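Right, one structure below, let's go through it.
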Amino acid sequence: MSQEQSTSVLIIGLLSLLALIPWAAAFLRARTFRDWDLTATLVLLVGVLANVDAAAYVIGSGRQEQLDPLGRTVIGSPGWVHQIAVVSNGLLLGVCVAFVLYRLLVARARINAAPLIAFTIVLALGASDGLNGQPLWSPRQLTLLAALLAAAVGRPGRSALLGGTAVAMVYTTMGGIQALMEPADVLRPCRADNACSVLGIHYAGVFTNENILGLMLLLCIPFAWLSLRGTVRIVLACYLAFLAAATGSVLAGTAAVATVVLLAVLRPRLRDEETRGVARGMPGRSLLAVSVLLPAAVLGVVVPLRHAMFGDLRLRASIWDMAKEEWADSPLVGYGGKAWSAKYPQGEIPAAVSPSLHNEWIDVAYAGGLIGAVLLLILLAYLVFRDGTRGIPTIACVLFPVLLSSVMERPWAFGISNALTFTLLAATLVPTGTRGSTTTHAPETSVSQGRVPPVGTRHETPCFDRSRARR
């Protein structure tokens with residue numbers, strides 16, 4: 001490790017410890033306002049348990065990578081890591097089932113449509129697996145279905161986003177501590193075909209790959225901005241953006257900066273924090289949000305179809321061409337969620353691209369055909385327009401990093417529960433302004449004005465005037 005790399009890792013480690021101060025202040029304020037609830041706990045557990053095996057591997061083994069004769073990374077991990085993954089996946093499945101039963105039988109929860117649309121996409125990919133001779137319903141597929149069902153009965157609002165923010169806090173802190181204790185464990189080597197960032201490193205934290213960490217940080221930036229209260233949320237959103245850039249992933253770093261800029265321009269607020277001035281400027285901000293979202297979505301579709309127009313994309317261009325050629329034989333239902341990764345054991349593709357096709361749209365279209373692609377489009381359109389124009393700036397800030405990263409990566413997996421599943425749950429639980437939601441607009445309350453409620457007073461944003469209802 002060079003002196004420059006040692007300095008960069010030391011800076012990241014120290015920043016992670018210093019960041020604990022604003023993190024603690026933000027979560028104490030969330031506790032004061034009673035923002036945390038069972039839904040936040042669910043999102044936190046989905047995020048933590050899905051990544052605990054990778055973190056244990058990096059901390060316990062020090063990132064021991066195996067290379068084939070051509071210098072390419074070989075997929076594989078010790079047996080004890082696999083056992084951790086099995087246990088954590090089983091525990092997560094049990095947590096989701098228990099959450100569904102509690103919310104339905106005890107809390108009498110309302111059903112959220114957005115997670116059910118995502119649930120349908122998973123079913124479509126699973127059905128395509130069966131039609132193409134792939135094994136049906138692997139354990140992690142069942143966990144993904146259970147997690148989406150749990151989100152369907154979860155409580156939309158600040159708490160879901162807060163749970164996603166807590167996942168980012170847990171893993172940035174773990175990565176920072178590991179950077180101080182064993183600096184070499186949090187780095188991946190720089191190569192001629194994978195140049196390092198301006199910091200001279202590929203920072204992966206306690207994840208096996210810097211791209212996974214970069215995507216997680218990128219998608220959590222809007223969660224931190226929206227779920228936390230006060231100016232500390234700006235500090236922490238910028239901190240996550242800095243770490244995304246420090247990973248060395250060009251996509252994550254560029255998209256993180258663009259996301260922070262969009263947040264600063266649109267200044268999204270949840271309904272319980274909106275002011276009259278913000279509400280009056282909503283139409284213009286909604287139009288701006290759509291004008292940003294639409295090109296990002298179109299770019300994600302166009303790049304794999306016309307990749308020659310965007311320079312030499314090397315391996316990505318090759319796998320996109322392969323997928324397009326095969327997709328022509330099964331355009332309606334695709335090949336199933338397991339079909340692409342099954343090519344790696346057969347030697348058809350290298351390990352680096354075996355998890356996905358590195359583009360959300362072509363990944364879903366290859367696995368689920370036109371049916372899967374249309375369902376994904378329905379999910380995105382529903383999220384954007386379900387709350388009318390008033391909710392567009394908020395959901396646009398959540399979806400913008402998803403769509404931007406979809407050009408070169410697959411942020412949301414619909415064939416398997418993975419490291420980023422918790423971000424899908426949180427995005428589908430972005431609050432709406434429907435009656436009964438805890439985020440209903442209430443400009444006269446102390447909560448909406450950013451003041452702490454009196455001690456002993458239950459924090460509840462009123463949905464309607466009960467005295468008027470009685471009259």
Side-chain angles (χ1 to χ4, degrees), residues 37-61 75-107 109 115-116 118-127 129-130 134-154 160 163-164 166-168 170-171 174 206-209 212-213 216 336-338 341-342 344-345 354-356 367 410-426 428-429:
D37 65 5
L38 200 59
T39 300
T41 303
L42 171 73
V43 176
L44 172 63
L45 288 176
V46 170
V48 169
L49 291 176
N51 294 293
V52 68
D53 57 324
Y57 174 59
V58 172
I59 295 173
S61 298
I75 291 180
S77 57
W80 62 270
V81 177
H82 177 69
Q83 291 299 320
I84 292 176
V86 171
V87 172
S88 61
N89 187 73
L91 181 59
L92 182 53
L93 181 60
V95 166
C96 292
V97 171
F99 182 87
V100 170
L101 293 176
Y102 172 80
R103 291 287 294 170
L104 287 178
L105 301 179
V106 179
L116 290 182
F119 182 88
T120 306
I121 300 176
V122 179
L123 288 181
L125 269 59
D129 276 325
Q134 298 287 343
L136 280 174
W137 308 124
S138 67
R140 289 174 68 183
Q141 272 183 308
L142 293 176
T143 300
L144 178 57
L145 288 171
L148 289 170
L149 281 179
V153 296
V167 176
V170 168
Y171 282 108
M174 288 178 62
V206 292
F207 290 83
T208 55
N209 188 287
I212 301 175
L213 175 61
M216 187 201 75
K338 305 180 186 70
S341 59
Y344 169 67
S354 61
S356 76
R410 182 204 59 184
W412 288 348
F414 293 97
I416 192 172
S417 172
N418 70 355
L420 300 175
T421 295
F422 78 96
T423 66
L424 173 60
L425 303 190
T428 58
L429 289 174

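Only heavy atoms go into these numbers, but all of them, side chains included; no hydrogens, no water, no symmetry mates. All values reported here derive from a predicted model rather than from experimental measurement.
From Leu136, atom CG reaches atom CD of Gln141 across 8.0 Å, with rounding to the nearest 0.5 Å. One finds the CG atom of Leu420 at 11.0 Å from the CG atom of Leu425 (value rounded to the nearest 0.5 Å). Put simply, CG on Leu104 and CZ on Phe99 are 9.5 Å apart, with the number rounded to the nearest 0.5 Å. Within the model, atoms CG of Leu91 and CG of Asn89 stand 9.5 Å from one another, a figure rounded to the nearest 0.5 Å. Within the model, atoms OG1 of Thr39 and CG of Asp37 stand 4.5 Å from one another, a figure rounded to the nearest 0.5 Å. Here the CH2-CD1 distance, from Trp412 to Ile121, works out to 9.0 Å after rounding to the nearest 0.5 Å.
Asp53 and Gln83 are not linked by any side-chain donor-acceptor pair at a separation below 3.5 angstrom, with hydrogens and angles left out of the test.
Put simply, the side chain of Arg140 never gets that close to the backbone of Ile416: no donor and acceptor are under 3.5 Å apart. Using modelled atom types, no side-chain atom of Lys338 and backbone atom of Asp129 make a donor-acceptor pair closer than 3.5 Å. The main-chain N or O of Val58 is never found under 3.5 Å from a side-chain atom of Ser61 such that the two would form a donor-acceptor pair. Judged by distance alone, the side chain of Tyr171 and the main-chain N or O of Phe207 form no donor-acceptor pair under 3.5 Å.
Of all non-hydrogen atoms in Ser354 and Tyr344, the two that sit nearest each other are CB-CB, 3.6 Å. For Leu144 against Thr421, the heavy-atom pair with the smallest separation is CD1-CG2, 3.7 Å. Among all heavy-atom pairs drawn from Leu145 and Val122, the shortest one is CD2-CG1, 3.4 Å. Taking both residues in full, the closest heavy atoms of Val43 and Phe422 are given as O-CB, 3.7 Å, listed atom of the first, atom of the second, then distance. Contact detail for Ile84 and Ala56: the closest heavy-atom pair is CD1-CB, 3.8 Å. Contact detail for Leu44 and Ala166: the closest heavy-atom pair is CD1-CB, 3.8 Å.
With contacts defined as side-chain heavy-atom distances shorter than 4.5 Å, the pair Leu148/Leu424 qualifies. Counting only heavy atoms from C-beta outward, the side chains of Arg410 and Asn418 approach each other to under 4.5 Å.
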_side chain to side chain contact (heavy atoms under 4.5 Å, CB included) evaluation trace for Cys96 with Leu149_ = CA-CA 8 Å; Cys96 292; Leu149 281 179; over 6 Å; no

